[in-house]
Amino acid sequence: MPNVMIRRNDDGKLSFYVAKKDLEASVVSVETDTRESWGGEIQLDDGSRYYIDPVSPPPAFPTTLRFKRV
Amino acid sequence: MTELTREDTEALIQEVLEVYPEKAKKDRAKHLAINDQEVEQSKKCITSNRKSLPGVMTIRGCAYAGSKGVVWGPIKDMIHISHGPVGCGQYSRAGRRNYYIGVTGVNAFVTMNFTSDFQEKDIVFGGDKKLDKIIDEIETLFPMNKGVSIQSECPIGLIGDDIEAVAKKKTKEHDKPVVPVRCEGFRGVSQSLGHHIANDSIRDWVLDKRDNDDSFASTPYDVSIIGDYNIGGDAWSSRTLLEEMGLRVVAQWSGDGTLSEMELTPKVKLNLLHCYRSMNYISRHMEEKYGIPWVEYNFFGPTKIAESLRKIASHFDDKIKEGAERVIERYKAEYEAVIAKYRPRLEGKRVMLYVGGLRPRHVIGAYEDLGMEVVGTGYEFGHNDDYDRTIKEMGNATLIYDDVTGYEFEEFVKKVKPDLIGSGIKEKYIFQKMGVPFRQMHSWDYSGPYHGYDGFAIFARDMDMTLNNPCWKNIQVPWKKAATEEAEQLAVGA
């Protein structure tokens, strides 16, 4: 259950940063990304996937959230 | 030597690895790579931030070095106690050349060594009482200090002293911040974790102290310089450029920095991050908590400076954007003269670098401005995100080495035959004795500053001074020299 910091990059994509794992990747897809909620399964550009129960209302980035590895 | 192709480099790495036992070879192979600009993510080609192999000569430091030496040490109006045996503090004292303004021993304490000098009885009975007493003594002897930080050395963690309790008690007693930092040397694999621990302790004990205090008059152009340690005056030559373009520098982290500057940082509009490796943690925290964006910049060499000034200006209004252009224009004649003077002397020379956490990629631009080429680079304690950023800066088929061992580095140099090596003091004399020109890129070889336009002139002069020094011609002993010359003549004659 890593603590993940999510922020918007200069290019507008979301970046997924896990300090303890040295993981800095950008988010390719988010399962649920609507006005009401944000979350579900998240795909990163290195191929790995993480899961978070959809957060409602969508969080304001940058923020730190707890994800589960899929 | 001519250009190395991808195959040559591959063969070179294999050759160097040959000497290791099977298991070590497998491990070290992951840390050596050939640059490929196509690769988006460094972890596909290189492994970093792993424990060094026992038995090899690594050049890394420890967590205490990362916290006391790098992040906390340069904060000039605080006293940093090296809590533990005397050596750690004494042998690292004043070695990093973090310049500062102030009267040492009165209101600035950077080059002094404060230590609890642990003895056997402190290990057996615990050192908390001693620490308590030291802080009282400091208050008596140096009443102008603004606070104290307790930098733990290895034994503190091993014997389980409760420095946090002492810190809390003393904070109350003296009404000054006393910050416990759990940066015992054995934590982590290199100084990198020390940076992280130091950042976290600043976050927890310092940063939020003025959250409900609006007495500081801020302007829309407030910025802070983060991750510039003012080595040889680096932060000063950066600061002048920023101020000239119309920004107001509120805080310097941590070269020539003060405690109150750090407390005021949450009031700025933009954090300018130079050393990404050691201070990205606090920048990310401030972005999250205070909504302050951060931007990485690079003040080595005119190309990168112009790029960075424009990048910084893009976060502000037209006034600053014009300011950036004005600054670039103003120094144009100056840096063009520097290039005109030194480029012909340095053109085409090849450089190998092996430094800490940002310079292996940041100085590449400065060398390129002088017509030099960086053919190999590597980090002592970089992480994957550093290598991600390096791949784009380096040419194709160049060498990248992570946590290189003394043996590997020597072998690489013998084969690649660079004209100049930039690394630290531990490598300096080995390579100079091998007859290769060498510059220390940690402490600027007692020169500096190298940041900014002013620094670039000094950088170019230093590189020229080292590379074109007549001493390199005299490195071979005369009787051997005669033999080589004869052989050469024979070869020509035949």
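Proteins come first, then strands; the chains are lettered A, B, ... in the order of their sequence lines, and each starts at number 1.
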Below 4.5 Å from any heavy atom of chain B, which atoms of A:Tyr17 appear? Answer side chain, backbone, both or neither.
-> side chain
Enclosure of B:Lys392 NZ (heavy-atom neighbours >12, cutoff 6.0 Å) | yes
Does the pair A:Glu24 and B:Asn384 meet the rule for a side chain to side chain contact (heavy atoms under 4.5 Å, CB included), with working shown?
-> CA-CA 8 Å; A:Glu24 197 187 30; B:Asn384 277 338; over 6 Å; no
Determine, step by step, whether B:Trp294 and A:Arg7 satisfy the side chain to side chain contact (heavy atoms under 4.5 Å, CB included) criterion, reporting the C-alpha distance in whole Å, the side-chain angles of both residues, the deciding distance to 0.1 Å, and the verdict.
-> CA-CA 11 Å; B:Trp294 50 276; A:Arg7 67 187 288 264; 3.5 Å; yes
If only atom types and distance count, is the side chain of B:Glu288 paired as donor or acceptor with the main-chain N or O of A:Thr64 below 3.5 Å?
-> yes
May I ask you to check whether over 12 heavy atoms, not counting those of B:Lys44, lie within 6.0 Å of atom NZ?
-> yes
A:Ala60 versus chain B, the contacting section by heavy-atom distance below 4.5 Å = neither
Is it the side chain or the backbone of B:Asp388 that comes within 4.5 Å of chain A heavy atoms, both, or neither?
-> side chain
Could you tell me which of B:His383, B:Arg284, B:Glu287, B:His196 has the largest number of non-hydrogen atom pairs under 4.5 Å with chain A?
-> B:Arg284
Within a reach of under 6.0 Å around CZ of A:Arg66, are more than 12 heavy atoms found that belong to other residues, nucleotides or ligands?
-> yes
